[in-house]
Each structure stands twice: as structure tokens, then as C-alpha cells.
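Only one structure is covered here, and it is reproduced in the block below.
When a residue number appears, it is its place in the shown sequence, counting from 1.
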Amino acid sequence: MPELDPRTARFCDSHLEALPLYAGLLCGVRRIGPAVQEKVCKAQISLSCGRVFACASFLLFLPKAKLPPASCVLTLGLSAPLLSPRVAAKTEAYPGRWTHHIVLSRREDLDAELFSWICQALDFAQKK
């Protein structure tokens, strides 16, 4: 597990069971863009390379009973909707910008498909 910023660790304090998922996500994202910065906010951790391209949170957009107990939510902005059952919710925030919420609950969720979407989100953010 990568060393986490103390602010990140505090953010995850009440969700310790999901901390390994976030750490794995961060490790993979840093392989994509080693200059990725974390910004810990009240409700989320924003990931950016000059511009925010992803956010991790413990957002309860579904009833808690429908979310796995050890989970975090990855939010990505893309130019088009992702057509995948892995996307728990999506909305067109404004024309040409789709916000996607993806629930991560198992180490296997951190796969090549997910990181390809993260790369797309990074490219999309850089082009704005």
C-alpha cells in the first residue's frame, strides 16, 4: 500500500475497510500520471494533473443497503456516456460533459478497463 498523506488517512478514518481500495486506486493512477495531486475536501478527494479528472468519495447516491460495506465511489467526467453495467449512475452535467459514478468494492474492480476510463477522463480534463 502506498504511503498516504495524513489528510487522506483522516478522510478515510470512518471508512477504514475501503482504505485498501483507495490506496490501490491511487497507486494505479500514479502509474498513469506520476504528477497526480490529491486534494482532500470535505466530501471527496480530488485527483488532478493541473485540472481535476477524478474524485473518490464515500458518496451515498444509492441506498446504503445497496452498496457493499467496503466501498468507495470513483467519479469521472467524460465527453460521452460510458455504456457499462459497472457505472452505477451517470448524468450529462452539461452538453458534452458526462459525470459517471463507479462503485469500487473489490480489488478486482481496479482493472485495465477502469484505468482506461481514468486515462480518458485525464485526457478530457486536459483538453478543457
Side-chain angles (χ1 to χ4, degrees):
M1 185 158 71
E3 189 170 327
L4 295 176
D5 180 288
R7 292 169 296 179
T8 301
R10 276 194 304 278
F11 179 83
C12 297
D13 267 352
S14 59
H15 303 276
L16 290 177
E17 66 281 355
L19 188 56
L21 280 171
Y22 177 74
L25 173 67
L26 182 61
C27 188
V29 166
R30 286 193 172 145
R31 277 186 293 235
I32 294 168
V36 169
Q37 300 293 313
E38 290 178 278
K39 181 179 179 189
V40 180
C41 305
K42 185 175 181 176
Q44 68 188 25
I45 300 172
S46 299
L47 302 174
S48 66
C49 271
R51 294 183 181 267
V52 173
F53 64 91
C55 298
S57 69
F58 302 107
L59 179 69
L60 293 176
F61 62 90
L62 295 171
K64 193 171 185 174
K66 292 187 178 186
L67 288 173
S71 64
C72 67
V73 176
L74 177 66
T75 302
L76 301 173
L78 297 167
S79 61
L82 288 175
L83 304 175
S84 170
R86 295 177 68 178
V87 176
K90 65 181 169 260
T91 185
E92 189 172 22
Y94 56 85
R97 176 167 174 64
W98 286 83
T99 301
H100 301 80
H101 300 293
I102 303 159
V103 177
L104 306 175
S105 61
R106 305 170 302 138
R107 187 87 176 152
E108 295 79 23
D109 292 337
L110 306 175
D111 62 4
E113 181 178 49
L114 180 78
F115 287 105
S116 73
W117 296 337
I118 292 170
C119 286
Q120 290 174 42
L122 176 58
D123 289 343
F124 181 61
Q126 300 283 326
K127 292 175 184 172
K128 290 199 299 181

Any link between [X] and [Y] through a network of hydrophobic side chains (Ile, Leu, Val, Met, Phe, Trp, Tyr) touching at under 4.5 Å?
X	Y	answer
I102	L19	yes
F115	V87	yes
L25	F58	yes
I32	L110	yes
L114	L122	yes

Heavy-atom donor-acceptor pair, Q120 side chain to L76 backbone, under 3.5 Å: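 No, the answer is negative, given that no donor and acceptor are paired below the 3.5 Å cut-off.
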Heavy-atom donor-acceptor pair, K90 side chain to W98 backbone, under 3.5 Å: no
Provide the closest heavy-atom pair for [X] versus [Y] in the form atom of the first, atom of the second, distance.
X	Y	result
A125	F53	CB-CB, 3.8 Å
F11	K42	CE1-O, 3.6 Å
H100	A80	CE1-O, 3.4 Å

Distance-only polar pair, side chains of T75 and Q44, donor-acceptor under 3.5 Å: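 Side chains of T75 and Q44: no pair found under 3.5 Å.
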Rounded distance [0.5 Å steps], [atom1] in [X] versus [atom2] in [Y]:
X	Y	atom1	atom2	result
L21	S71	CG	OG	8.0 Å
Q37	R30	CD	CZ	8.0 Å
Y22	S57	OH	OG	11.0 Å
R86	L104	CZ	CG	7.5 Å
L74	D109	CG	CG	10.5 Å
I45	C55	CD1	SG	9.5 Å

Within-4.5 Å side-chain heavy-atom neighbours: K39 and S48: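 A side-chain contact is absent here, since even the closest heavy-atom pair is not under 4.5 Å.
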